[in-house]
Each structure stands twice: as structure tokens, then as C-alpha cells.
Amino acid sequence: VTVLIHHCILYKKAEVEETLKRIQGQKGVQGIIIVNAEGIPIKTTLDNSSTVQYAGLIHQLVMKARSTVRDIDPQNDLTFLRVRSKKNEIMIAPDKDYFLIVIQNPSD
Amino acid sequence: PIGQTSDELFSSQVHPVLFSAYKTVGFAEGRAGEGFVCIAGVRVAVVGSISPVCRAINISLPQVFDENGKDVTPQPLYQPDPAAVMSKHSKIFASDTSGGTMSDFYSTAYQTTTNASFAGPFTRSVFGSSTVSRGSQSTMESMNEEIEDPSSKRDISISLSDVQVRREEVKELIKEEMLDDVVDRYLIESETLWLLHMPAVSVSVDSEEAVSVKERNNLYMELCKNRMGNDKYVERSMQTFNGAPKTKEVQSEAITMVDAATTWDMYDSFRSAGLGEAALSPDTDKATSASSSRIEMEPFVVPSEDEPDPELVLQSEKFQQDLFVMERIILENIYQPKLAAYRQLPTLEDPDSVPKVVPTVVSRREESSLDEESTLTPALERLWSFSCELTSGHNVSSMAWNKRNPDLLAVGYGQFDFKDQKSGLICCWSLKNPTWPERVFTCESGVTTLDFSASNASQLAVGMHDGSIATYNVESREKTPVIDSSDCAHKHTSPVWQVRWIDHERGASGEDKGETLISVSADGRISKWFLRKGLDCIDLMKLKRTRNEKAKKQVGDKEKKSEALISRQAPGLCFDFHPTDSNIYLAGTEEGHIHKCSCSYNEQFLETYIAHKGPLYRITWSPFCSDVFLSCSSDWTIQLWRQDLFTPVLGFTSTQSAVYDVMWSPKWATVFGAVNEGRVEIWDLGASILDPTIVSLASPGVKLTSLLFATETDCILVGDSDGQVGVYQLKNLTVGEGTQVR
């Protein structure tokens, strides 16, 4: 049974890697950052300084957004956040253990 | 030592040295231009710079004069009780006063000195601990003379000392055994403690004192009356002195503001305190209950959990889900205009995108007149194509929409020819992700046909080139079929060319209501499959070879020399059930014959329609006219038939290539689409019966193999031999709304 479980974890990991690769290869995607709950980047495709900058700023933004959503209705919670700017779009999937951040420029 | 003058004291530089308590001197930073003398009253560790003004404990106390020469010498605010300053408690005192009271003590300005000689370099002084000597007490007492009021600090110091004294008492240790002892207790009446005594202001008339009281009252009244003009009583006014107020600075610890009382924070603590989820009342109630649970909030401060391993984070279900959604969102950004066109929504221009360079305006003007027409001619506009690296190189053999979710498409990949057979592939594509299929199933042999069930929307039936039939459940992530026909004794021995789920309203034997799976294969049988301890089938019809009656008569004597038949069955290639009468169906064979059959008779055909000269690839009833059906074959023709006529009503030929697929449009009665090797054609019978209305050529080197109309929009899907399924939108196809056919 343990062998099966190990195999499953490997398989899942491969799937996750594949999906990440696919996302990275999509048109206009500038970078993917995965940050853990403390704000430390786990995985990133950008350079270190940009990663740290994004991680820090977005962490605060997500905290504020989540607080806003829950202040209005405490039973509600934030599931996704999209910030559309002139040059690109930042998409954030927050969770209590991690943040998944993707930066895309769709008109690239 | 007492009596030392200030000068002497200050001549010695400031050292962090033990000073005697009463005479600790040092410099302190202060306002420029003024000198300050600091006192280390009683053993104190001074922290940081000392801005306040301290008092030198000289007998000659320095005094402060302001500009007008008024004595504004600040009075001492704190007088430490000499009893409290005992060496025994010195240590405790020191710890208490490390930053707190003593620094406040210093912060109070005692006296300033205008001694200019002190305006030298300011240094910080550090006061060491010191013991109080008797001499200090005397100076303390001298200071005490000028106390205004004992400050609260003094009280504290006194109380502290009291507490310290009490602490010294040795407590009798309570041992375990002593708890069980029977102890005698004696209750004695104690003396009365008077807490409040208010003497009465009235006396009863009957009492003994009444008389004297009355007399006294009368005397008093007379006195009051006489007071007016009496010399003995003179009115005088008085003035009380009000003490001069003085502003005092106090230092306290910074007040930390915590943003903790948000609505959701209260809600969270409310829930975690276990006060139940039943009382989820509005904010006003929460405020009152939060106050009670706030006491319990302390233990619920979230402890810092161990950070989950980053690898675990990446593998968690939630993360995969988020990735999935994120991919879809990114693709939506990219494909938004195409998807909007598919859904027939107006496409929005991205306001920030840089407009691509438009070809020269000059040529545009010339073609403007042509443009007008060209915008009106019907055309196929390519939106996108479903393809990925998995499918490249595979031939698209069949496509089917999911009956419940019109955005889900199943595509089967498999070669038609017997040679170069490779393993088959089934991909379930979603409109929301044209770059990667949602499900991928690999099969041993090439897939030739598939169909989604209507009653069980996630069930997909697949027919394969080696004759086996399997059903898959697309909802699960299983890669294997739910059931397979390989164990069935009557399974097909030749490629299955078509499978279909048919809904019988009334079963033949009264029992099979509901959906059954029907298949036709090249071994000449049309079989009905059902689940009975595994997949099993019964034959609805055996397709016998029929000879052309006319030809038979002509070659009468050649009958004996006719070719020996390999089998008496004719390979069936396609079939279609009547849209309203599920008992009747049409079957097409490799000979080119169309047989109308019924489920009730499995020996005889009802009718036979002969016109095609080559294998029939598709038969399809019109969804609008129940008498009309279309057939296409490899003899380059498409024939339109009416049920009761044995010759086709109309025939359509456009090119000299086999027509692989034909399908009626689900929206317009007179429109159908056809795909032959090199082109897609859309025919509109209302417009022209000789030429197709729209023709779109395939990319060179690629053969188009299958066609599917989208059910709710004006789009068609075309599969080709390279594994791509292109989505095209029908533009400007103006069709009359009539559903009748001449």
C-alpha cells in the first residue's frame, strides 16, 4: 500500500509540474510565483528581487481584500483576486497555506 | 559627603561610579544653555539620557529664578520614605525602578541651577547602585520639609515596603496530611467594629434631652435675630490661596493599537470559543457576546503552526484546484474574443492593447465597394482549434457533444484504413480550455466512433477498430473503461463503425424502456447491447448481401460464375434511427445500399434504397422533416431521399473526392454540412441546390474527416487527419425560416 501511495504522490507531483509548465507556456504569461503563508516564495519563474517585491506587496493586498470581504459578511471568504492594470493582469489565488500568483499580459 | 560644594562635585568629571546616595551628581542632557544637576537620590539605575532637572542634595538648595526674579523653584514631588529605603530591600527596589518609577522620579524637575559653569560638555551619567547612608536620610528629611503633598509614588513606595515586609514572613507549609486532619474551630464573638456612626440630628419630644434641646434652639434663634445690627458680628471676606498649578510631564509606555476587533475576527473567535453555531446573530449581539468570550480569547490566540512542507503545499488538493482554475482564467484572457464570438456575444476591444498595424489605407479604399459585398457573403471564420501535442498525428474519426453539458466535447482518434493502425485516443475537451483536454483515455486500437449517453450524461460509449465496445465514465479520473465487450461471446469481429445510444419509448418486448446501445459493424450485424452480468448483445439485424435485381436479370447465366462471396453479410457502415419512431432505422452498407429496418423484424428489411455506387459513410434523418434523410458515400455524391421514394430526390456533387461526413444543421431546415477530403461545404438548399453556399478549403496535406454542428450556436467543428478539431463560425448565413422542403 505504501508503494501505491508513493506512486500516487509522484504522479500528482508530475501532474502539478505539467500544469505549471503549461501555464507558463501560455500566451502572455510573464511569471508564476507560489508563496507560502509566511511570504517566502516556494516556486517562482521571475528573478529574486521581483519575486520578493511581488510577494510582499501582494500579501498585504490580499490581507486587506480578505478582511474587506469578511467584514461585510463573516461567513464569506475570498477565493480569487484579479488586478487588471494598463500593462498586465495579476491573478491571485489565495489560501491559508499559500498564494498562487500569475502575471499575464494578454495582448502580448 | 555633605557639605561638598557644587563646584567641587562638578570639577570631577562624570564617571559611572558608585555615588553615595545623597550625593550623586552627574550631568544630564538638557536644553542648551542651561546646566542641570542630577541627583541620584536613592540607588537607581538610570536609563538613557536624563533630561529632567534634578536636585542637588546640598544643604544650600539651589533655586530657580525666572526673568522677573520670581522664585519658581519647583517643589519636590516625590519624597521617598526613608523607611522604605533600607539596604535589605535595595535589590528589590532597584528592579522595580529600572525604568519605571525612578525614571519618572528623575523626570520631575526638582530644581534647576543657573550655574553657568555647568554649561560644559553634556555627558550621560550612569548611576550605579548605592546604599543609603544615614546622612542621606537627614538630607531627605530636609527635602521633606518642602514637600507639598506626598505624591502617589510615595504611597506606592510605602506600600511596596509594606508588601516587602509581609513577604518576609515565613509561611507554614501545608502538607498533604494536614489537609485531612480534623481541625477544631472556635467561634467567639469579636468586639463590635464601628464602621459608620451618624449621630441623630433630631430628638424625640418625650425624651429627657428635649427640654435642653428646645432651649438651645430658642437661644440660637434669638442669636440669629440679633446678629444683624450687632457689633459682635461683623462680615468679613476671606481669600484662600490656590496653589500654583504646574504642568507635569509623564512618560508612559507606548499604547499599542491592535486592529483586532473586526467583524470577522469576532465571528472567528465566537465560533472557535465553541459558543455554538446556532447563534449567528447580527453584530450587535456579537458585541455583547464577544466581551464575554474575550476573556477566552487569550488561549485562542492562534499558535504559530509548523509551516507545512512546501512540497506538501504543492501537492495539496486545493492547490491543484487553484492551478486548474488559474489555467482556465489565463486561457479565458487569451481566447476571450473567440469564445465571445462562439457564444454570439459582442466582442469587446481591449482598450489598452496596442492596435496592430493595419494594412495600407489606400488599398482599403479600392476594395471598399467589394468589402461591402464580401462582408455579406456567407463565410466560415475560423475561431480556434482543439489540439495539443498528444493528438498531433492522430486522425480524428468521430466527435460527439455531451448531452448535458453543451461545452463538453468528446473526440475519438483512430485511423480509418486497415493499414497503419496505431493505438486509439479519446479526448474530452472543454470549451474553456482549447489547449489541453480535460480527460485523456488511451485505447489499444483506434477509435472509430463514440457517443454520449443522454440518460447518464457522463457515460461515453466507444467503438473501436478491433470490434470491441467500451463505455467510459468521464466524470471520474479513471483511465480504464467502465465496461468492455471483450468478454462477450457475440462481440463484433470487425471494426465497429457506429455506436449510438437510442432511447426506446416502448420496448420491443415491453421490458427495455430507456436507453440501449446500438452498434453496427463491418461483420454485418447491427447489435443491441445491454448489461447482464457483463456486456452482452443480441442482434437486431444481420445485413445480408442483396443483389441488384435488374443486374441479375441481365447477367442471368453468369450467375453461376459470380464471384464467390467471402461472407454473406454485407459490412454495415452506418445507421440512424428515426427521430420520432424509434422502431424504424436506416442502415447503410458497404455495397451502397440503404436498408430501412424495423426493430420488430430482424430477418427482413422493410425497404431498400439503391442509388449509391460506393460504401455509404453516413446516413442521417432530417431533424425537421421526418420523411427526409441524407446519405453520403465515397462515390463523391450526397443524396437526399424521401422515405417513400425509391430514387433520391436530389443529388449533390461538388468535387471528385469521397464525402466522409454529412450532417443536418440543428437550426435550419435547409442547411446541411458535408466534409470531403479537401474541403468543408455548407449547403443551403433554400439558396442553391447545385453548389454549396460556403466552401472552405483544408490546409494542404491535411484531410478533413469529420463534421459536427454545435447545437446552440452557429459554429461547426471540423476534424482532420492531423488531430486538430477546428471550430469555425458561420457568418452571414441568411436562411429562410421555413422548415418545409419542396
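All heavy atoms count here, side chains included; hydrogens, waters and symmetry mates do not. Every chain is numbered from 1 and lettered A, B, ... according to where its sequence line falls, protein lines coming before strand lines.
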> A/R66, A/K43, A/R22, A/Q26: which one forms the most heavy-atom pairs within less than 4.5 Å of chain B?
A/R22
> Using the six-membered ring wherever Trp is involved, compare the ring planes of B/F386 and B/W429 and label them parallel, tilted or perpendicular (cut-offs 30° and 60°).
tilted
> Which atoms of A/P41 come close to chain B, meaning under 4.5 Å heavy atom to heavy atom: side chain ones, backbone ones, both, or neither?
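No part of A/P41 comes within 4.5 Å of chain B.
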> Please classify the contact between A/L100 and chain B as side chain, backbone, both or neither, with a heavy-atom cut-off of under 4.5 Å.
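Both parts, backbone and side chain.
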> Can you tell which of B/L323, B/I330, B/I334, B/L331 has the highest number of heavy-atom pairs within less than 4.5 Å of chain A?
B/I330
> Is it the case that the side chains of B/S458 and B/N473 hold a donor-acceptor pair, with the cut-off being a distance below 3.5 Å and no angle test?
yes
> Using the test side-chain hydrogen bond (donor to acceptor under 3.5 Å, both in side chains), find all partners of A/E89 that sit at least two apart in sequence or belong to another chain.
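Result, side-chain hydrogen bond (donor to acceptor under 3.5 Å, both in side chains) vs A/E89: A/R82, B/N333.
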> With A/E18, which residues qualify under side-chain hydrogen bond (donor to acceptor under 3.5 Å, both in side chains), at least two apart?
none
> Between the side chains of B/D268 and A/R70, is the shortest nitrogen-to-carboxylate-oxygen separation below 4.0 Å, so that they form an ion pair?
yes
> Using non-hydrogen atoms and a 4.5 Å limit, figure out which bit of B/E332 sits close to chain A: side chain, backbone, both or neither.
side chain
> Tell me, for A/S67 versus chain B, whether the close heavy atoms (under 4.5 Å) come from the side chain, the backbone, both or neither.
both
